[in-house]
Amino acid sequence: EPALIFDLGGKFDKSFNEAAHNGASRWAEQTGKTYREIELQSEAQREQALRRFAEAGLNPIITMGFAMADPLAAVAGDYPDTKFVAVDVNWLDAPNVRQIGFAEHEGSYLVGMMAAMASKTGTVGFIGGMDIPLIRHFGCGYAQGAKAVNPDINIVANMTGTTPSAWNDPVKGSELTKAQISQGADVIYAAAGGTGVGVLQTAADEGILSIGVDSNQNHLHPGKVLTSMLKRVDVAVYDAMKAGEDLQTGVFAMGLAEEGVGVAMDEYNAELVTEEMSSAVADARSDIINGNVTVVSYYENDSCPALQF
Amino acid sequence: MDIFVTLIQVLDSTIRLATPLLLACLAGLYSERAGIFDIGLEGKMLMAAFFSAAVAAVTGSVWLGLLAGIASSLVLSGLHGLASITFRGNQLISGVAINFLASGLTVLIAQSWFKQGGRTPSLFGGGRFESAEFPYAIGPEDAELTGQPVSELMSDANSIHMVYSELLSGHSILVYVAFLMVPLTWWVLFRTRFGLRLRAVGENPAAVDTAGVSVVGLRFAAVAICGVLCGIAGAYLATALQAGFVKEMTAGRGFIALAALIFAKWRPWHAMWACLLFGLLQAIALRFQNIDLGGVVIPVQAMDALPYILTVVILAGFVGKAVPPRAGGEPYVKER
Amino acid sequence: MDKMPKWADVVLIPLISLILAAILSALVILAIGENPVEAVNLMVTGALGSTYGWGYTLYYATNFMFTGLAVAVAFHARLFNIGGEGQAMLGGLGVAIVCLYIPWPHWSIALLAACAASMLFGAAWAAIPAYLQAKRGSHIVITTIMFNFIAAAFLNYMLVNVMRPQGSQDPATARFPEAVHLPTFQSMFSTAENAVFKGAPANISFFVAILACFVVWALIWRTRLGYEIRAYGHSETGAVYAGISPVRITIVAMLISGALAGLMATNNVMGEAERLVLNSTEGAGFIGIAVALMGRSHPFGVFVAALLFGFLYQGGAELALWTSIPRELIVVIQALVILFTGALDNMVRMPLEKLFLGLRKGAE
Amino acid sequence: MTVPAIELKGISKAFGPVQANKDISISVAPGTIHGIIGENGAGKSTLMSILYGFYKADKGEICINGTKTDIPDSQAAIAAGIGMVFQHFKLVENFTVLENIVLGAEDGGLLAPSLSKARKELKELEEEYELFVDPDKRIDEIGVGMQQRVEILKALYRQAEILILDEPTGVLTPAEADQLFRILDRLRAEGKTIIVITHKLREIIENTDTVSVMRRGQMTATVKTAETSPEELAELMVGRKVLLQVDKVSAKPGKPILEVENLRVFDQAGVERVKGIDLTVRAGEIVGIAGVAGNGQSELLEVLGGMRPGQGSIKLNGEPLALSGHGSDGQARRAQHIAHVPEDRQREGLIMDFHAWENVAFGYHRDPAYQRGLFMDNAALRADTERKIEKFDVRPPNGWLTAKSFSGGNQQKIVVAREIERNPDLLLVGQPTRGVDIGAIEFIHKQIVALRDQGKAILLVSVELEEIFSLSDRIAVMFDGHIMGERLPHETDEKELGLLMAGVAEEAA
Ligand SMILES: Nc1ncnc2c1ncn2[C@@H]1O[C@H](COP(=O)(O)OP(=O)(O)OP(=O)(O)O)[C@@H](O)[C@H]1O
Ligand SMILES: Nc1ncnc2c1ncn2[C@@H]1O[C@H](COP(=O)(O)OP(=O)(O)OP(=O)(O)O)[C@@H](O)[C@H]1O
Ligand SMILES: [Mg+2]
Ligand SMILES: [Mg+2]
């Protein structure tokens, strides 16, 4: 029986954790099997949950978020027969851990391009949640994509805050959206968990476009959400559960090539995406895959060429 | 003109951000003026935010939602009254408990009700408070007619028209309610019998008691008004500013309102200015992140902390000692 | 003459209140369609049924003891320190600096240094609100709330921009070197054939917390300073009469309070995480308010209340692990416990007093 | 025989384990002034509070004008025509006089009409009873005498026919007290019935028609005033013979202990409260400062006791003392052998929630005798407390009780014991017997005189002229921050002092 450990945001964060939840549910539905899950509520529980699940014989144990890296490093060695999956981690030295790193910057690059092409004002916005490197990583890719389309584009970037409530403050998200609109932004990319709900809502209310994140959020406001930057956590989780105990370990990159990240195209945004846009995105995608274009990763670079934080 | 436009927009944002603070602050004002300290404003707002959004989502009527929000906040007020008036318990503990209760119950109920992870479904149409457009104000309708975005129309208009359209018009009805509550509260407190008694019971309940007026009745009335106002504040967050409930969506606003109340030294007009100031500081911090001062970039964290730093500075520099209502926080005990 | 025997006041009333809270919690569990008996069983065995469970319960309790004591000391001077959260965050920063940038030969010396640093940083963060309260009359409740937010922003800045190791994506410091890792209960109490407290984070700072309880008790009830703090807390005019300086007591009490809150970092930062992460305090500063209020600001009461909350935290974690009960249930149970034992205890006390008075009359 | 205005039958009331009133019956004829006396804690206030509906009696019934009346709350009492002036006034301090008067007796929901109506009626009441007050002043801006008038007006505004006053003269100057009784006379003449609780036998004898004596919750006697004497009442009250006059040998003043020169004191608002006074207190003498409350005596005492800063110079045994900053606080004063019995025992002299044994060290808690290493020597404190409790006859003799569970008189004994037993060079005493029953007064006065006889200097501030006369060896009168003059007690009388206290200059007096 597999186990799934959600990060502090909780399984219904409408983005990252929820995607994992979706993948797991899909697996459970299709196979009729069950899995265990826990929503962490404190730092100390990270290691606790890992050990408890491992001792209960659950296998594989899937963890969400970079913050699990440290506890995993401490625990994995104690349970060599258990396989672990670490989503958003790719730097551990542990033989029984499958580490999955997503190339969020590449996906963000594509939505950045779309934003720049959809923008009439020449200003696009980015709203992050808590100011942590991961979110800068999103923003950085986005900015590069936008600049690739229009080097003179103006990018307004804001973070919601510095406390965990930054992930759950749609009201502030909404105000930031209004602020960016008044600075001329007419497409806004939200990478802010529950706060993003407020961003998408206000963008729809104010008649501008927004871009969702992690899960496909296009349906939230049909015709108002330009696209969503998909991070196929659901696929990663689904695959891990499907592989079960035979899971391959090691470091896996989930970039554009692996379809680990991408842009969401469906009936809700079909009207918004022009021919020109989809072909540009398709070209850029293949360019990135075959190495003609490199998107700088904030993680690796520790700073961003296209945007100042 | 550009600075002027920005200024108007910052002020517009200020009003929106100040409204929930103001409602909660006035709520606290009634309660604390009557001698019942209330650090449970946050919890009451949160509860009301959830129930207003939940009922609005289920019935499709925002007005029913508002009523439900007020009712739920009133229930918590009743609990606070029971603990601190009837059973003369510690008002701080009761407030802390109410905050925990609201934070847990909202998600618990939301989850077993909607199964969307402690969230309500998104509200639309009649489930939300629409913004009230004043006559001749530039609004979305004009935008549709002319085909130009509102912001463009706005910057083309003359300044008075702009102030009128952006600052005065276009808010949810609850915003106007909140700001009307200020003179109303002042009038009630200082011009009516009820207000006289309310203030007296917060200063010296024994004086009210020996004057033949029920201390318990007055305090419950005050706590109930507090509940109603917190209810409106919560409903505003979930059904006017936002289109639905998200867990912990009050995000500490109850505590900021409490700070504003102390800041205002428990006076209605001052409360309004204090809340506007807090709103303004937040609006500024939101709008001007990463300020570049000739090469030195102020980190975003500094801007994020700015409203709080400025609050401390203003408090230390200009406000001086705030003396709370004398009987505040103490249960009225006749027989020791 | 007392209205009822002391044991009734100290034991019976809290017990009845707890039972009432438990009954209501059971109803809540029923209402969300789960089995309360099973849930309670899980919580009790999970939190108290094994050394592992105790290891977590005591770990949480250690955090709450520190913050509870911090709030309690301030309460004695009639100061409401809501800033425990921020002070504990800064304490964490102090611990991290000491552990990361100084090579320590042995954990014991490092622990002493970390205690000093965390207390210093915590106290420093309390110093400004204390000074403003004492000298300018700025309300300590507002300033400490504000300082919580400022601390969060400051810590965020430090972790994201300054202390984060090159290339790490996690807004956290590097792991502390092996030499400063504190002995856990596992390493302290396990024998070769019998491993106890396996994997649990409880560590030697639990004893620091117990020590802190004793020190605070002695400070408040056995020293001149404690005498002055209590006197000032009861009556400011009285203090002035007795030549006790309100300014001095306000500042000193807040410094002690901040130092105690900061000391929490020896447990969660140095003992458990062994690195400084964002949000490492996780609201323990606020739980400390409830703990101090429930413990009636007495170190022993704080100790018991902290254990109770530790039990709720660990029991709640077990619930979350083995059932699908949402984690918010625990928050509701906490709320009910605080409500009944803290705010509504007169509801139990009043009838009991009548009862005992009647019994006594009957006996006479 | 007329129907009694008030008749209480078999009233009992317990506060938890304390039986405050036991089966009390009393009847008061209409149009009379009825006095109630009794020791601290005898249950007088409780009984009257029951009549006013503030407390509910456990047993017994109340008849007003011959009809049985249920008084569950103050509203019912007001409706029955009862008004009460409590020992501790029930006024809202930051409200105006007018607002306090209309509170609870407004007509209509709006304030303005109520206030203007009250203003008019107040004028009439003022004229009728000569109870002048400024309706627009805030309570915290007026003196206690004024505040009491407000309380009386409150009752009259509610058309009270029965007026209860609980220790009304405790805070008044003699002149104010005389005026009060003139007003009560006038009210009686109008047919109103009045009950007065007091500790002062002279007031009972001079002003009442009948008097009841209470002891330990019971009514021990009710007599016609004309047929009794102070000595008999005192004995009924305390259960033993009481000396009503302090007997002391004449003073033998020695060298100057305290020398005050050109002392000025400003309060927090910057108002000058003491306007440059000179004063000397010698060893072996008691200097009494007389004056109406609020004329700077309190501030004088507080500066000397280190509770607030001042300007000018003071010397103790010839050594100058700091008047502000370092070395001017209460700790420094105690180190300089100045002891201080403060005016307000509950707000200043004691921590009401501390045990008696903790209070015995209050202010002296840094004394090395109370320390053992890093800690306070609580055992030593408790032993010390036991000694003092016994010597000063504090009742109940239990050091573990909190200060608030002692009666006022016994609280005062704890403070006096603590200060006198330090054997200070200079003792500052403020209102040593305010609200204290005669048994305790007698005792406290004896202790003060004994200290003087040991050759110590004593500065006494009191608004009780009687007390000033019976204790002082020299009397200074303060008015408006100045010392109006000094007199020897046997060379002056109440009338002359009264004039000085009213600010009439020496030459005129
Ligand atoms: N509010 C109260 N709660 C509990 N006990 C009380 C209360 N008020 C009075 N008592 C008790 O009732 C007894 C009578 O008190 P009361 O105040 O009536 O005395 P008193 O005769 O007015 O004394 P004093 O002369 O000091 O005013 C006291 O000894 C006390 O034990
Ligand atoms: N908490 C308490 N529990 C029991 N008895 C109390 C308590 N507080 C006060 N008392 C009693 O109430 C009586 C009256 O108390 P009160 O506070 O009126 O003092 P007092 O004697 O009237 O002094 P003063 O005249 O200065 O006010 C005292 O005899 C005291 O024993
Ligand atoms: Mg009394
Ligand atoms: Mg009395």
Side-chain angles (χ1 to χ4, degrees), chain A residues 6 9-14 17-18 21 39 120-121 127-128 130-131 136 156-186 193-202 204-208 219-221 307-309, chain B residues 5-6 8-10 12-14 16-17 20 49 107 110-111 115-119 122-124 128 130-131 140 143-144 149-152 154-155 166 236-238 241-253 279 282-290 292 297 299-301 303-305:
Chain A
F6 295 107
K11 75 175 164 189
F12 293 108
D13 63 352
K14 272 255 190 296
N17 288 296
E18 194 159 335
H21 169 68
E39 294 178 79
K120 297 194 187 86
T121 58
I127 294 178
M130 196 162 158
D131 186 15
R136 294 183 176 188
V156 203
N158 291 115
M159 298 292 178
T160 311
T162 51
T163 60
S165 72
W167 302 116
N168 277 313
D169 197 344
V171 173
K172 219 162 163 183
S174 170
E175 276 311 315
L176 280 171
T177 310
K178 287 193 167 143
Q180 295 197 345
I181 291 173
S182 70
Q183 285 163 277
D186 60 352
T195 302
V197 175
V199 176
L200 268 51
Q201 178 74 48
T202 305
D205 288 350
E206 300 280 319
I208 66 151
H219 65 281
L220 287 179
H221 304 281
L307 190 59
Q308 176 114 61
F309 290 103
Chain B
V5 173
T6 312
I8 296 300
Q9 282 162 348
V10 167
D12 187 43
S13 165
T14 300
R16 280 190 305 271
L17 288 168
V107 180
Q111 182 52 21
K115 305 258 183 304
Q116 295 195 10
R119 221 193 317 258
S122 287
L123 304 174
F124 50 86
R128 282 182 80 191
E130 296 297 333
S131 49
E144 246 161 70
V150 177
S151 51
E152 232 165 80
M154 212 58 100
S155 47
E166 182 94 41
Y236 173 74
L237 282 178
L241 266 188
Q242 285 305 305
F245 172 84
V246 181
K247 69 177 172 187
E248 301 291 348
M249 76 182 295
T250 42
R253 288 184 177 80
Q282 279 176 18
I284 291 174
L286 283 178
R287 222 156 273 246
F288 305 103
Q289 295 186 338
N290 301 94
D292 193 340
V297 179
V300 54
Q301 290 93 346
M303 282 313 285
D304 201 49

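Just so we're on the same page: letters track the sequence lines, and every chain starts at 1. This structure is a prediction, so every number in the text was calculated from the model and none was measured.
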Discussion item. Quick check on the interface: out of B:Arg16, B:Gln111, B:Glu248, B:Met249, who has the most heavy-atom pairs with chain A under 4.5 Å?
Written reply: B:Arg16

Fill in: Test side chain to side chain contact (heavy atoms under 4.5 Å, CB included) applied to A:Val197 and B:Arg119, step by step
CA-CA 11 Å; A:Val197 175; B:Arg119 221 193 317 258; 4.1 Å; yes

Worksheet entry | Separation between CD of B:Gln301 and CG of A:Asp131, rounded to the nearest 0.5 Å | 5.0 Å

Discussion item. Just verifying a value: how many Å separate B:Gln9 CD and A:Lys178 NZ, rounded to the nearest 0.5 Å?
Written reply: 11.5 Å

Worksheet item: Are any non-hydrogen side-chain atoms of A:Asp205 and B:Arg128 less than 4.5 angstrom apart?
Response: yes

Discussion item. Within the 4.5 Å heavy-atom criterion, are B:Leu286 and A:Lys172 side-chain neighbours or not?
Written reply: yes

Fill in: Part of B:Gln282 lying under 4.5 Å from any heavy atom of chain A
neither

Practice prompt. Answer yes or no: is there a donor N or O on one side and an acceptor on the other, between the side chain of B:Gln242 and the main chain of A:Pro170, under 3.5 Å?
Written response: yes

Item to complete: Take A:Asp169 and B:Arg253, measure what side chain to side chain contact (heavy atoms under 4.5 Å, CB included) needs, and give me the verdict at the end.
Response: CA-CA 11 Å; A:Asp169 197 344; B:Arg253 288 184 177 80; 3.2 Å; yes

Discussion item. Can you tell me which portion of A:Glu18 sits under 4.5 Å from chain B's heavy atoms? Options are side chain, backbone, both or neither.
Written reply: side chain

Item to complete: Give, as side chain, backbone, both or neither, the part of A:Gln183 having an atom under 4.5 angstrom from any heavy atom of chain B.
Response: side chain

